[in-house]
Amino acid sequence: MAVQKQLGVDQPDYGVLLDDMAVPDGGEVRPGRLIQPKAEAEVAFVLGRDLTDEHITVADMIRAVEFALPAIEIVDSRIVDWRISIVDTIADNASSALYVLGSSPRKLDAFDVSGCEMTFEADGQKVSSGAGHACLGSPISAALWLARTMARMGRPLKAGDTILSGALGPMVRVEWGRRMEAHIAGLGSVRVSFAAETNS
């Protein structure tokens, strides 16, 4: 919801995570891969069960999650100055470019999914903050919306799928040459570096 307000869109959207979009925890991103990147901190869920019914409940969603991870989504846009509408972001794979998953999985009962606080830092300076409830009231609610939507579209979520549930606070512009780290209370941290731009 925080990012919806930033971008001036009034509904959630979704895209696809591809293998070549994954960056390892602590990895580095080179400038040539992106156009005008921004980053946001999220809770990621990895499913242990298929979700084929569009009428699933919150309880079904909770049972289906094998574990959670802290995540950074790096978003990008081909639209100048990010002047996008909901149609633009849907057409552009939800503006998703890259993503980073933390390396220490947690069960849902190990942290407060809705109330967890998030701090996002660049070179140790806080650049964004938020909490689980900023994501459609709860990251679980956001994941439930996606699962129902995908089942209705005939492309249901399956065991082993990874869900990035949505931003816990405002997204921030990526500055090249800096290291970004997201910490989510009870869930841990995830980090990524952005290589400095060169003139060559």
Side-chain angles (χ1 to χ4, degrees), residues 1-7 9-22 40-75 85-118 130-171 182 184-188 190:
M1 293 174 69
V3 170
Q4 288 181 40
K5 291 178 181 178
Q6 275 187 290
L7 297 179
V9 297
D10 59 1
Q11 58 185 292
D13 68 343
Y14 62 93
V16 178
L17 299 177
L18 303 174
D19 290 344
D20 64 359
M21 295 166 63
E40 55 193 44
E42 309 191 15
V43 174
F45 300 120
V46 176
L47 298 181
R49 301 184 184 188
D50 296 350
L51 292 170
T52 58
D53 186 351
E54 67 177 283
H55 302 294
I56 62 169
T57 65
V58 169
D60 295 326
M61 189 73 239
I62 291 171
R63 277 194 294 267
V65 173
E66 183 71 18
F67 57 85
L69 295 164
I72 296 172
E73 182 177 11
I74 301 162
V75 294
S85 67
I86 187 65
V87 174
D88 297 317
T89 185
I90 290 172
D92 203 15
N93 194 35
S95 301
S96 186
L98 305 170
Y99 68 97
V100 191
L101 299 178
S103 50
S104 298
R106 298 282 192 277
K107 296 291 188 180
L108 290 185
D109 60 4
F111 72 108
D112 182 354
V113 183
S114 298
C116 60
E117 294 187 358
M118 177 277 295
H133 57 71
C135 182
L136 295 183
S138 167
I140 286 290
S141 298
L144 178 63
W145 175 88
L146 177 65
R148 288 172 172 172
T149 299
M150 296 305 292
R152 188 165 58 249
M153 297 289 289
R155 297 288 300 274
L157 299 176
K158 300 287 188 177
D161 284 347
T162 298
I163 300 171
L164 298 184
S165 59
L168 303 185
M171 64 182 179
I184 300 174
L187 193 54
V190 57

Open item on the list: Before you tell me yes or no, could you show the steps for Val43 and Leu168 under side chain to side chain contact (heavy atoms under 4.5 Å, CB included), namely the whole-Å CA-CA distance, both residues' side-chain angles and the distance that decides it to 0.1 Å?
Closed with: CA-CA 8 Å; Val43 174; Leu168 303 185; 4.0 Å; yes
Minimum heavy-atom distance between [X] and [Y], given as atom pair plus value:
| X | Y | result |
| --- | --- | --- |
| Ser165 | Pro139 | OG-CB, 3.4 Å |
| Ala185 | Phe111 | O-CB, 4.1 Å |
| Ile56 | Ala147 | CD1-CB, 3.6 Å |
| Leu51 | Ala151 | O-CB, 4.3 Å |
| Arg106 | Gly186 | NE-O, 3.6 Å |
| Thr57 | Arg148 | CA-NH2, 4.3 Å |

Task: Residue pairs, two or more places apart or on separate chains, that pass salt bridge (charged side-chain N to carboxylate O under 4.0 Å, His left out) and touch residues 52-62 - done: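 Sorted result for residues 52-62: Asp60-Arg63.
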Open item on the list: Measuring from atom CE of Met153 to atom OH of Tyr14, what distance do you get when rounded to the nearest 0.5 angstrom?
Closed with: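 Met153 atom CE to Tyr14 atom OH measures 3.5 Å (nearest 0.5 Å).
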TODO: Please round to the nearest 0.5 Å and tell me the distance separating atom OH of Tyr99 and atom CG of Leu17.
DONE: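 Answer rounded to 0.5 Å: 5.0 Å.
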- [ ] Can you spot which of Leu164, Ile163, Leu69, Ile184 makes a side-chain contact (heavy atoms from CB on, under 4.5 Å) with Glu42?
- [x]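 Among Leu164, Ile163, Leu69, Ile184, the one that satisfies the side-chain contact (heavy atoms from CB on, under 4.5 Å) with Glu42 is Leu164.
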- [ ] Report the C-alpha distance between Leu108 and Ile140 in whole Å, list the side-chain angles of each, state the deciding distance to 0.1 Å, and finish with yes or no for side chain to side chain contact (heavy atoms under 4.5 Å, CB included).
- [x] CA-CA 10 Å; Leu108 290 185; Ile140 286 290; 3.9 Å; yes
Task: Step-by-step side chain to side chain contact (heavy atoms under 4.5 Å, CB included) determination, Lys158 to Leu47 - done: CA-CA 7 Å; Lys158 300 287 188 177; Leu47 298 181; over 6 Å; no
Task: Validation row: Phe45, Met61 side chains within 4.5 angstrom (heavy atoms) - done: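 Result no, sub-4.5 Å side-chain heavy-atom pair not found.
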